[in-house]
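Before any comments, here is the structure.
In this chain, numbering begins with 1 at the start of the sequence shown. When a ligand or atom number is given, it counts from 1 through the structure's own listing order.
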Amino acid sequence: MDAKKYLEEAQVDAILIYNGSNEDLNFYYFTRLLYGGIFEGSFAVITEDGVKVITSKLEEQSARKGKNEVFVYSSSSEREELLKKIVGNAERIGLNYDSLSLRDFHKLRDILGDREYVNVAEKIMEWRMVKDDEELNLMREAAKIASEVADSIPDFLVEGMREYELAARIAYEMFKMGAEDVAFTSIVAFGENAAEPHYLSGERKLKRGDFVLCDFGARYHHYNSDITRTFVFGRASEEQREIYYTVLEAQKLGISLVKDGAHGSEIDARVKELIDSTKYKGRMIHSTGHGLGLAVHDHVGLSTQRDLVLREGMVVTVEPGIYLPGYGGVRIEDDVLVRKEGREVLTSARKDELIEA
Ligand SMILES: [Mn+2]
């Protein structure tokens, strides 16, 4: 979308994004400066004639590789002058209230004076939800890295290893394949710890018969993947199999329902209905999925709490789970791109058979 269109839709004269005290992912969204540079303290200003970047000498070279007009400052007074000049006499200024700190807002208002400041956070998220080809290619690569690592996890398992050791190995393997970072602190849960969806990783040692639940992702040029696979270390019990294949069936159902025009809340309801029709009724204690992109929890996804009508170009996770406190749990998660007709599953790690490592 071009700058004019953004301003028209948001009904403002300019949009001002400050990558300040808090990192603002919208800075990367508008500038597409995805291939290097930290840009701390930099501005992206969307005006009628394009996206302008105000940045320091420290990242000038990276900034000039983009398609934006670049203004470089070497002191904070120069930065203020540039900001005033570029914003010009725009009266209605769009800001991202979700990220701009109150302190930074006060500083901005001191520089630009009394104008009309408008929250455009939700509007920007609407735009961000639908990915373009450049974004999708980065997400495909992020998904590919995570998928290949997921497929090799069974080879990394050694009796007695600790959860954080496996988390480190997963991160290392992703970096080795070109990830610039982990998408989030990986969740590696052994045995009974797999019963807690938002567990992290700890000192628990791997024992024969344990569930091994790994939920992790790769960040590739600022775009993320998010995958979960659950294995059993050694021979799986009947109960473990039953949990696994119930989750798998629910996950496949969820994926099959993703398409342009589908309601996220309905997909969540159908997936839970399936699990609730088994002896694991009530054991799926979170929603089926979330939006994915520059942020790992990018926007609302598949949830009965808040509906989202899926549109072509959105990426959502599909990740049902069953959790039995004191015993363990299974979650299976893939990243799914909404297509006009159907879907494209971006993550590709094996899941059709419970892997006994
Ligand atoms: Mn997820």
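Not one N, O or S atom of H297 sits under 2.8 Å from the Mn ion (ligand 1). Among the backbone and side-chain atoms of D226, an N, O or S atom lies under 2.8 Å from the Mn ion (ligand 1).
Sorting the N, O or S atoms of E333 by how far they are from the Mn ion (ligand 1) puts OE2 first. Atom OE2 is the N, O or S atom of E319 at the shortest distance from the Mn ion (ligand 1). The minimum distance between the Mn ion (ligand 1) and any N, O or S atom of H290 involves atom NE2.
R331 and Y323 share a donor-acceptor pair across their side chains, judged by distance under 3.5 Å alone. Under 3.5 Å, the side chains of H286 and E319 contain no donor-acceptor pair of N or O atoms. Side chain to side chain, D268 and S303 fail the donor-acceptor criterion of an N or O pair below 3.5 Å.
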Does R229 form a salt bridge (charged side-chain N to carboxylate O under 4.0 Å, His left out) with D151? I'd like the steps, not just the answer. CA-CA 9 Å; R229 288 294 182 269; D151 272 337; over 6 Å; no
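With respect to F43, the ring pair (Phe, Tyr, Trp, His ring centres under 6.0 Å) criterion is satisfied by exactly one of F30, Y18, Y73, F27: Y18.
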